[in-house]
Amino acid sequence: MAPPETGTDKTAHVRRQLLAWYEANKRDLPWRRSRDSYAIWVSEIMLQQTRVAVVIERYQAFLSRFPTIAALAAAPEQDVLALWSGLGYYRRARMLHKAAQFVVNHREGKLPATAAELRLLPGIGTYTAAAIASIAHDERVAVVDGNVERVLCRLQGWEAAGTSGAALRRKVEDAANELVDPEGPGDFNQAMMELGAMVCLPRNPQCLVCPVASGCVTQGEHKTQPRPRMLSREIGCALVLRSAPGRGNGHREVLLEQRPDSNTVMPGLWQLPALRDAAVPEAELQMTVRHAIMQVNYYVRVRLVVESDLDTLTVRDGRRCWISLRRAGDMALTGLTRKVLSRSRLLPAQPEAIALQATADVP
Ligand code: SF4
């Protein structure tokens with residue numbers, strides 16, 4: 001008869017099974033081809049709160065424009081925001097930029113190698129520090145994101161409902177640090193995240209094909225805290241177009257407004273002007289776009305407004321400019337504005353270069 005499995009045997013078994021599965025099944029994602037700590041840092045910041053498919057599109061363009069920490073540190077903030085456009089949560093881009101400047105000015109342009117030192121940089125928290133240190137430098141430190149937390153709770157049979165968030169978090173972090181493979185912590189961390197993203201899904205986990213099912217207490221969904229309900233709001237925005245003065249046929253401009261730097265949300269970004277009244281008559285409705293921010297679904301009614309009818313717009317909150325449609329895609333647009341312009345087929349699919357081209361301020 002085989003001896004009963006000890007905790008150490010079980011841990012080793014889970015590691016082996018997980019790493020073998022990851023080696024055979026991992027997605028070929030661009031940031032997985034690099035061990036460069038700067039490239040890993042950029043990808044980890046982008047992946048927070050943004051879907052992988054969107055990050056794939058933006059990651060390569062960002063690294064082509066800013067291939068090194070020095071290049072990022074030297075760039076104007078508007079260029080960094082423009083490359084971030086579509087990823088949302090622009091504070092991440094600002095913090096990344098600031099941290100790059102800090103590294104250039106105070107650390108001779110070199111990112112620290114340990115999680116403890118990385119955490120001292122602006123915008124780098126426990127999760128990002130652990131990801132960079134383990135993937136780029138093989139430090140034995142666990143990465144715990146939402147996916148990993150879910151996998152560990154299910155493996156251990158822990159329920160989130162009724163437990164304080166902080167207490168559960170501590171338990172999960174301790175378990176993760178015990179489980180992380182000392183031989184290949186970077187691969188192990190990525191394998192845990194991949195399992196959570198591809199197999200141990202929030203709804204309908206794929207337990208029948210799960211490589212660690214034999215070590216899992218829950219084998220299915222666990223009780224979680226009830227999710228906050230999404231709210232709905234209706235707003236209106238204006239698409240104002242004109243032919244560019246003196247530039248010939250087919251050269252059009254769009255009216256955009258820059259959010260003031262004093263705004264706490266998306267300061268400095270460019271957006272379509274808001275309408276005074278979201279109740280757009282059907283005959284003048286260009287489209288309705290759903291745009292989710294945090295817990296709110298915005299249903300945005302887009303109205304085509306002629307240049308002579310600007311009193312339908314709200315009093316402007318910031319600088320307003322006519323922007324060439326050939327250049328608009330290169331600017332730091334809000335996600336909603338990029339969405340509306342793309343769906344109206346006024347933007348090319350991918351911005352290519354960075355240039356802030358305000359042809360003229362609107363008085
Ligand atoms: Fe998740 Fe099911 Fe695997 Fe357990 S067996 S880790 S619940 S997918």
Side-chain angles (χ1 to χ4, degrees), residues 2-29 31-32 43-44 47-56 126-128 130-131 134-135 138-228:
E5 211 175 45
T6 65
T8 316
D9 291 339
K10 188 174 161 184
T11 300
H13 179 73
V14 168
R15 284 183 192 144
R16 270 197 310 277
Q17 295 297 106
L18 182 64
L19 284 167
W21 169 83
Y22 179 65
E23 202 41 51
N25 295 282
K26 65 183 172 197
R27 288 168 292 172
D28 179 23
L29 301 174
W31 45 91
R32 288 190 176 151
S43 69
E44 290 298 339
L47 285 163
Q48 292 165 15
Q49 296 149 311
T50 306
R51 287 180 302 113
V52 168
V54 179
V55 174
I56 289 173
T126 308
Y127 164 85
T128 310
S134 65
I135 298 169
D138 282 330
E139 183 178 339
R140 194 193 164 189
V141 55
V143 171
V144 183
D145 67 355
N147 282 334
V148 172
E149 179 170 324
R150 182 172 62 255
V151 172
L152 280 169
C153 283
R154 287 172 177 173
L155 279 173
Q156 306 280 1
W158 295 333
E159 292 176 353
T163 316
S164 102
L168 182 68
R169 183 82 193 172
R170 268 196 304 279
K171 252 179 23 168
V172 166
E173 277 173 4
D174 288 349
N177 278 310
E178 204 149 297
L179 191 57
V180 71
D181 184 12
E183 304 298 324
D187 273 357
F188 182 86
N189 281 330
Q190 292 186 85
M192 283 291 279
M193 291 190 276
E194 189 79 344
L195 188 75
M198 304 305 290
V199 176
C200 193
L201 306 169
R203 303 273 168 266
N204 298 321
Q206 310 292 298
C207 302
L208 292 179
V209 296
C210 175
V212 294
S214 64
C216 177
V217 174
T218 310
Q219 305 237 353
E221 290 180 34
H222 65 314
K223 280 194 194 145
T224 52
Q225 302 285 5
R227 302 179 82 192

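Counting starts at 1 for both ligands and their atoms, in listed order.
- Under the 3.5 Å distance criterion, the side-chain polar atoms of Thr218 are matched with a main-chain donor or acceptor of Arg154.
- Protein atoms that are N, O or S and lie under 2.8 Å from atom 3 (Fe) of ligand 1 are these: Cys210 SG.
- A side-chain donor from one of Tyr127 and Glu44 sits under 3.5 Å from a side-chain acceptor of the other.
- Contact of the Glu221 side chain with the Asn204 side chain is registered, since non-hydrogen atoms from C-beta on lie closer than 4.5 Å.
- Taking a cutoff of 4.0 Å between a charged side-chain nitrogen and a carboxylate oxygen, Arg32 and Glu194 qualify as a salt bridge.
- A donor-acceptor contact shorter than 3.5 Å is absent between the side chain of Asp181 and the backbone of Phe188.
- The nearest protein atom to atom 7 (S) of ligand 1, hydrogens excluded, is given as Gly220 N, 3.3 Å; this is a heavy-atom distance.
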- [ ] Carefully, step by step, assess Ser214 and Gln17 under the rule side chain to side chain donor-acceptor pair (under 3.5 Å).
- [x] CA-CA 10 Å; Ser214 64; Gln17 295 297 106; 5.9 Å; no
